[in-house]
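Working notes, structure below.
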Protein chains: 2
Amino acid sequence: MHLDEFDRKLLRLLQLDGRLTNNELSQKINLSASQCSRRRTRLEQEGFIKGYRADLDREKLGVGIVNLITVTLATHNRDNAQRFARLVGGLPEVLEAYSLTGEMDYIIKVVTPDLRSLSAFVSDVLLPHESVQHVKTAIVLDTLKEGGALPV
Amino acid sequence: MHLDEFDRKLLRLLQLDGRLTNNELSQKINLSASQCSRRRTRLEQEGFIKGYRADLDREKLGVGIVNLITVTLATHNRDNAQRFARLVGGLPEVLEAYSLTGEMDYIIKVVTPDLRSLSAFVSDVLLPHESVQHVKTAIVLDTLKEGGALPV
DNA sequence: ACTGAAACTTCTGACGT
DNA sequence: ACGTCAGAAGTTTCAGT
């Protein structure tokens, strides 16, 4: 349950490169490979490591347009919030979705191939949905930082 | 340079589990392991795969508070934008930072252990910085979706 | 708890199709 | 471009300290 300095180093290294081998890890933190293996397994089983993801290049994959869309729900009850949650859960262009304090708004991060398809997404998918009242879009001009590592 | 269906399947699978072995991949897409290895290497070298990251649990690591902070810069010239970019680049609690259309605002995603340290971050780090004019904070109440896979 | 070695699995380059 | 195969590398279990 508690993390010592070896565990934290493992987590730091694996955040930067999730495919490091136990051998490579063992050299970087001065611990045997077998211990790295055991600790890594423990960190995975106890849920500190939720998984491993390949980090892909948006532009190369043709979805270079990123948009942050603020969404106001039609009604602010639990049922409607669930409908909205199901909606964004099933939309592959939505990469992140958060509910916020304030006017009980939501903000979602959406990727599309171009501005035309972004516009189509907003007016054909988002706005017509029963749970949504209105949206405010903001296009990302520049990504200063992304995929920052959690401070461990 | 062009991706066929095998490449796309590899990318989809590796987004969901970045530690899949070539053997496991080969079974899932009906291709030999050596071909999976070759294609994976090519996808890495050509930049479709930027890297692999372990996905950690924020709450377990004691940084469960997530905040989206809208930042207005003091002046909207290039130098000031660079100062701000350097600032967020060096702050470990900032996981994402985007510049947006509209009033030339920025939005940053910040994680902290609790509300006290969030408040300290805003008033001791962000607001005093020369590049920043003012900020508007919004606490994340619920994460509906995060780390969504790019549509490939 | 850790190391080191042994048994097993995976990786990857050479070769043939 | 693909599969097969074999040597190299990595993983993980287990005995020993």
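Values reported hereafter were calculated over all heavy atoms of this structure, with side chains retained and with hydrogens, waters and symmetry mates removed. Small disclaimer: the values here were computed from a predicted structure and weren't measured.
Here the nucleotide nearest the side chain of A:Arg40, chosen from C:dC2, C:dT12, D:dT12, is D:dT12. Considering only the side chain of A:Leu31, C:dT3 comes nearest among C:dT3, C:dG13, D:dC2. If you check C:dT12, D:dA1, C:dC2 against the side chain of A:Phe6, the one that comes closest is C:dC2. Each of D:dC2, C:dC11, C:dT3 was ranked by its minimum atom distance to the side chain of B:Gln35; first place goes to D:dC2.
Rounded to an integer number of Å, the gap from A:Gln45 CD to D:dT12 P is 11 Å. Taking atom CD of residue B:Glu24 and atom C1' of nucleotide C:dC11, one finds them 13 Å apart after rounding to whole Å. Following rounding to the nearest Å, A:Ile29 (CD1) and C:dA1 (C1') show an atom-to-atom distance of 14 Å. Rounding to whole angstrom units, CG of residue A:Asn22 and P of C:dT9 are separated by 17 Å. The CG-P distance, from A:Leu10 to C:dA1, rounds to 15 Å in whole Å. As rounded to whole Å, 15 Å separates atom C1' of D:dA9 from atom CG of A:Leu20. Following rounding to the nearest Å, B:Leu3 (CG) and D:dA1 (C1') show an atom-to-atom distance of 16 Å. Distance CG (A:Leu25) to P (C:dT3): 14 Å, rounded to an integer number of Å.
Residue contacts shown for A:Asn23 include a base, since a base heavy atom lies under 4.0 Å away. Within 4.0 Å (heavy atoms only), B:Arg38 reaches at least one base atom of the nucleic acid. Nucleic acid contact for B:Thr21: sugar-phosphate only, since backbone atoms but no base atoms lie under 4.0 Å from a heavy atom of the residue.
Between the side chains of B:Asn77 and B:Thr75, at least one donor N or O sits under 3.5 Å from an acceptor N or O.
The pair B:Glu146-A:Lys50 fails the salt-bridge criterion, with no side-chain N (NZ, NE, NH1 or NH2) lying under 4.0 Å from an Asp/Glu carboxylate O. Salt bridge annotation for A:Glu5-A:Lys9: absent, with no cationic side-chain nitrogen under 4.0 angstrom from a carboxylate oxygen.
Within a 6.0 Å sphere centred on CZ of B:Arg19, heavy atoms belonging to other residues, nucleotides or ligands number more than 12.
Interface remark: the A:Ser37 side chain does not form any donor-acceptor pair with the D:dG10 base, using a distance-only criterion of under 3.5 Å.
Mapping A:Arg19 and A:Ala33 onto DNA chain C by nearest heavy atom places A:Ala33 closer to the 5' end of the strand.
Considering only side-chain N and O atoms, A:Arg39 lies nowhere under 4.0 angstrom from the phosphate OP1 or OP2 of C:dA1.
No donor-acceptor distance shorter than 3.5 angstrom exists from the side chain of B:Gln15 to the backbone of A:Leu56, with no hydrogens or angles considered.
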